[in-house]
Undergrad: 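Mind looking over this structure? Questions follow.
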Amino acid sequence: MLRVGSVVLGAADVARAQAFWTRALGYVPREAPEDDWVVLVPADGTGPQVALQRSATEVQDHPRVHLDLYAGDAADQAAEVERLLALGARRVEWDSYPDDADFVVLADPEGNRFCVIDTARG
């Protein structure tokens, strides 16, 4: 049976992406980063790997695949969004928010879209 080994994000500047995601997730490089590739793993050893690969591909406005980052409740979500913005993320003007959205769409410094989810809303 297969299992997911890593989620891979494209980045024009792998070092910049590494700086953001290590601080955002508390991850560390699995081994010494290369100019065009790094695999990040949870510092505590628990959780999925996130790999960053140099890419010249344009970022999609509505990506088919993205990360969902879970927050405990609305207050935690708001605090995490502010923390991520301070690390270099930016808010995305999302045209598909439902009226009662439990998610906030952000982009990392490379433009990769991701969501911060209020998991208390079930």
Side-chain angles (χ1 to χ4, degrees):
M1 181 59 71
L2 294 174
R3 64 183 176 87
V4 175
S6 294
V7 175
V8 182
L9 300 176
D13 184 336
V14 172
R16 177 173 67 171
Q18 176 187 333
F20 175 81
W21 286 108
T22 55
R23 290 180 291 157
L25 299 175
Y27 276 36
V28 296
R30 186 179 67 192
E31 59 261 332
E34 298 177 22
D35 291 339
D36 61 351
W37 176 258
V38 64
V39 178
L40 305 177
V41 296
D44 69 3
T46 304
Q49 298 183 147
V50 174
L52 305 167
Q53 177 180 12
R54 182 175 295 142
S55 175
T57 303
E58 299 263 340
V59 175
Q60 296 174 325
D61 288 337
H62 293 88
R64 293 180 64 165
V65 176
H66 65 273
L67 297 178
D68 279 351
L69 306 180
Y70 287 1
D73 58 25
D76 187 31
Q77 178 190 44
E80 286 298 330
V81 166
E82 291 307 313
R83 184 180 72 83
L84 294 164
L85 292 171
L87 292 176
R90 65 176 174 78
R91 289 186 183 273
V92 173
E93 295 300 323
W94 194 250
D95 60 2
S96 301
Y97 277 119
D99 291 335
D100 191 22
D102 63 350
F103 63 94
V104 175
V105 180
L106 300 177
D108 72 7
E110 290 289 315
N112 293 304
R113 310 288 170 92
F114 62 96
C115 297
V116 180
I117 312 294
D118 170 3
T119 60
R121 298 196 23 209

Undergrad: Does any N or O in the side chain of R113 come within less than 3.5 Å of the main-chain N or O of V59, such that one atom is a donor and the other an acceptor?
TA: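 Side chain of R113 to backbone of V59, a donor-acceptor pair under 3.5 Å: no, none is there.
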Undergrad: Step by step, work out the side chain to side chain contact (heavy atoms under 4.5 Å, CB included) result for F20 and L84.
TA: CA-CA 9 Å; F20 175 81; L84 294 164; 4.1 Å; yes
Undergrad: Does the N112 side chain pair with the main chain of G10, one donor and one acceptor, at a distance under 3.5 Å?
TA: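 Indeed, once roles are kept as given, a pair shorter than 3.5 Å links the two residues.
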Undergrad: Evaluate the side chain to side chain contact (heavy atoms under 4.5 Å, CB included) criterion for residues R121 and D100: first the C-alpha distance (whole Å), next the side-chain angles of each, then the deciding distance (0.1 Å), finally the verdict.
TA: CA-CA 10 Å; R121 298 196 23 209; D100 191 22; 2.5 Å; yes
Undergrad: So do the side chains of W37 and V8 get within less than 4.5 Å of each other, counting heavy atoms only?
TA: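 They are in side-chain contact.
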Undergrad: After noting the C-alpha distance and the side-chain angles of V104 and E80, does the key distance pass the side chain to side chain contact (heavy atoms under 4.5 Å, CB included) rule?
TA: CA-CA 10 Å; V104 175; E80 286 298 330; over 6 Å; no
Undergrad: Before giving the answer on side chain to side chain contact (heavy atoms under 4.5 Å, CB included), spell out for L67 and V7 the whole-Å C-alpha distance, their side-chain angles and the decisive distance to 0.1 Å.
TA: CA-CA 8 Å; L67 297 178; V7 175; 3.6 Å; yes
Undergrad: Can you tell me how far the OG atom of S6 sits from the CD atom of Q53, to the nearest 0.5 Å?
TA: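 These two atoms lie 11.0 Å from each other.
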Undergrad: Could you check whether any side-chain N or O of Q77 sits under 3.5 Å from a backbone N or O of D102, counting only pairs where one atom can act as donor and the other as acceptor?
TA: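 Yes.
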Undergrad: Assigning hydrophobic clusters by single linkage (Ile, Leu, Val, Met, Phe, Trp, Tyr; side-chain heavy-atom cutoff under 4.5 Å), is V39 placed with L9?
TA: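 No: no chain of side-chain contacts under 4.5 Å links V39 to L9.
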Undergrad: Under a single-linkage definition using a 4.5 Å side-chain heavy-atom cutoff for Ile, Leu, Val, Met, Phe, Trp and Tyr, are I117 and L85 assigned to the same hydrophobic cluster?
TA: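 Yes, it is one cluster - the side chains of I117 and L85 are joined through contacts under 4.5 Å.
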Undergrad: Are V28 and W21 linked, directly or through other ILVMFWY residues, by side chains that come within less than 4.5 angstrom of each other?
TA: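 In one cluster: no.
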Undergrad: Taking the side chain as every heavy atom from C-beta outward, state whether F114 and P63 have any pair of such atoms under 4.5 Å apart.
TA: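 No, their side chains stay 4.5 Å or more apart.
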Undergrad: Counting C-beta onward and ignoring hydrogens, is there a side-chain heavy-atom pair between V14 and P33 closer than 4.5 Å?
TA: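 No, side chains not in contact.
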